[in-house]
**Q** 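Structure below; questions to follow.
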Amino acid sequence: MAARIAFDDVEVGTELPAQTFPVTRAALVRYAGASGDFNPIHWNERFARQVGLPDVIAHGMFTMAEAVRVVTDWTGDPGAVVEYGVRFTKPVVVPDDDAGTAVEVSAKVAAKLEDGLVRVDLLATCGGQKVLGMSRAVVRLA
Amino acid sequence: MPLDQSFVGRSYPPTAPYEVGREKIREFAEAVGDANPAYTDAEAAKALGHPDVIAPPTFPFVITYRAAGQVVADPELGLDYSRVVHGDQRFAYTRPVRAGDRLSVTVTIDSIKSLAGNDVLSVRGEVHDDSGEHVVTAYMTLVSRAPEGE
């Protein structure tokens, strides 16, 4: 593993570069195909409304995949991630237009652990609402 | 009706190996819009110390989700999948998944709880390669929402 960030160069509170990830209907269709999760709540508005959702929602795993990019773009080596977990607290509602919506992700070093490991806490929001809870990654730095 | 507690601790037989292909990793990385070269360029992955292209951190879910289908579809457990939502997800990695891996998943039910009328099922999928080495464990919580009016 070859993270480009050194353990000695970070401290608790160090912020990772924040990013905004667009989420469109087309992206969800593509993710459904790539992941094999064809639940119609992620592409069929009629079905989503029938089960009580306001509209089509993003796959939680899509949002989880986007959020960790803040960490992997920071370390350079995605293999530096030794643990990653989230709670799906609010759905990301994706309207049927070309703009879709966006998930904003910020992150900071929350703890320095042993063996070059740090814990990074992530904050993912959509329209000002938190969409992932307890979103944490443990990362091995250089 | 709450789920049967006797299912806690139950493991399902290891799944048939899933062979991880380079093009599948590329497809997945493109689907999440992630241009990290470690996912598509073997030389870039090698420069980071990996023997071949690696998969994004959430890729193992593609395999463990399929394996967890054994629990979801277990007629004896009787989970109503139309009411199931994904509560949380966590991965603990020994190493990243990489192209050429042949991965088998052993699924275990860790806990069954009833919270406010909802069934909350914690399921663990342990992923091993074909030499028996641990690659990643995926922990997922499935919440089966109580039917309205109960």
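Within every chain, numbering begins at 1; the chains are lettered A, B, ... in the order of the sequence lines, protein sequences first and strands thereafter.
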**Q** Could you tell me which of Arg136(A), Arg87(A), Arg4(A) has the largest number of non-hydrogen atom pairs under 4.5 Å with chain B?
**A**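 The answer is Arg87(A).
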**Q** Compare all side-chain heavy atoms of His86(B) with those of His59(A) and state whether any distance is below 4.5 angstrom.
**A**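 They are not in side-chain contact.
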**Q** Using side-chain heavy atoms (C-beta onward) and a distance below 4.5 Å, is Asp77(A) in contact with His50(B)?
**A**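 Asp77(A) reaches His50(B) side chain to side chain.
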**Q** Check for me, please, whether Phe7(A) and Ile5(A) land in the same ILVMFWY cluster - side-chain distances under 4.5 Å, paths through other members count.
**A**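 As far as the 4.5 Å side-chain criterion goes, Ile5(A) and Phe7(A) are connected within one cluster.
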**Q** Look at atom CG of Asp97(A) and say whether more than 12 heavy atoms of other residues, nucleotides or ligands are closer to it than 6.0 Å.
**A**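 Above 12, so yes.
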**Q** Do the ring centers of Tyr93(B) and Tyr84(A) come within less than 6.0 Å of each other?
**A**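 No - the distance between ring centres of Tyr93(B) and Tyr84(A) does not fall below the 6.0 Å cut-off.
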**Q** Determine the option with the most heavy-atom pairs under 4.5 angstrom with chain B, choosing from Gly85(A), Ala34(A), Ser35(A).
**A**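 Most heavy-atom pairs within the cutoff with chain B belong to Ala34(A).
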**Q** Please look at Tyr31(A) and chain B and tell me whether the side chain, the backbone, both or neither of the residue comes under 4.5 angstrom of a heavy atom of that chain.
**A**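 Contact with chain B: backbone and side chain both.
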**Q** Would you call Tyr39(B) and Pro78(A) a side-chain contact if the rule is heavy atoms closer than 4.5 Å?
**A**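 A side-chain contact under 4.5 Å exists here.
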**Q** Is it the case that one hydrophobic cluster holds both Ile109(B) and Val84(B), taking links as side-chain heavy atoms less than 4.5 Å apart, direct or via other members?
**A**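 Cluster IDs for Ile109(B) and Val84(B) match.
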**Q** Given the options Val29(A), Thr72(A), Val82(A), Ile41(A), which has more heavy-atom pairs under 4.5 Å with chain B than any of the others?
**A**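 Option with the top pair count is Val82(A).
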**Q** Of the non-hydrogen atoms in Gly76(A) and Asn36(B), which two are nearest, and what is the gap between them?
**A**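 Closest pair (atom of Gly76(A), atom of Asn36(B), distance): O-ND2, 3.2 Å.
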**Q** Where on Pro57(B) is there a heavy atom nearer than 4.5 Å to chain A: the side chain, the backbone, both, or neither?
**A**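 The side chain, not the backbone.
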**Q** Heavy-atom distance under 4.5 Å between the side chains of Asp88(B) and Met134(A), does that happen here?
**A**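 Not touching, per the 4.5 Å side-chain cut-off.
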**Q** Under 4.5 Å from any heavy atom of chain B, what part of Val81(A) do you find: side chain, backbone, both or neither?
**A**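 Both the backbone and the side chain of Val81(A) come within 4.5 Å of chain B.
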**Q** If Ile, Leu, Val, Met, Phe, Trp and Tyr residues are connected whenever their side-chain heavy atoms lie under 4.5 Å apart, and connections chain through other members, are Leu123(A) and Leu132(A) in the same group?
**A**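 Leu123(A) does not cluster with Leu132(A).
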**Q** Any chain of hydrophobic side-chain contacts (each under 4.5 Å) joining Val107(B) to Leu3(B)?
**A**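 Same cluster.
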**Q** Indicate yes or no for a side-chain donor-acceptor contact from Arg95(B) to the backbone of Gly79(A) under 3.5 Å, with no hydrogens or angles considered.
**A**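 No, the answer is negative, given that no donor and acceptor are paired below the 3.5 Å cut-off.
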**Q** I'd like to know which of Asp34(B), Val62(B), Ile54(B) tops the heavy-atom pair count under 4.5 Å against chain A.
**A**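 It is Asp34(B).
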**Q** Mind listing the closest non-hydrogen atom pair of Thr58(B) and Met61(A) along with its distance?
**A**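 That closest heavy-atom pairing would be CB-CE, 3.9 Å.
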**Q** According to a hydrophobic-cluster definition based on side-chain heavy atoms being under 4.5 Å apart (Ile, Leu, Val, Met, Phe, Trp, Tyr only), do Met140(B) and Leu77(B) belong together?
**A**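 Met140(B) clusters together with Leu77(B).
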**Q** Between Arg30(A) and Glu27(B), is a salt bridge (Lys or Arg N to Asp or Glu O under 4.0 Å) present by the stated rule, with each step listed?
**A** CA-CA 9 Å; Arg30(A) 191 170 190 171; Glu27(B) 179 191 11; over 6 Å; no
**Q** Tell me, do Phe91(B) and Met64(A) make a side-chain contact under 4.5 Å, heavy atoms counted?
**A**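 They are in side-chain contact.
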**Q** In terms of heavy-atom pairs under 4.5 Å, which option from Gln89(B), Lys24(B), Arg66(B) contacts chain A the most?
**A**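 Most heavy-atom pairs within the cutoff with chain A belong to Gln89(B).
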**Q** Determine whether more than 12 heavy atoms belonging to other residues, nucleotides or ligands lie under 6.0 Å from atom NZ of Lys112(A).
**A**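 Count over threshold, so yes.
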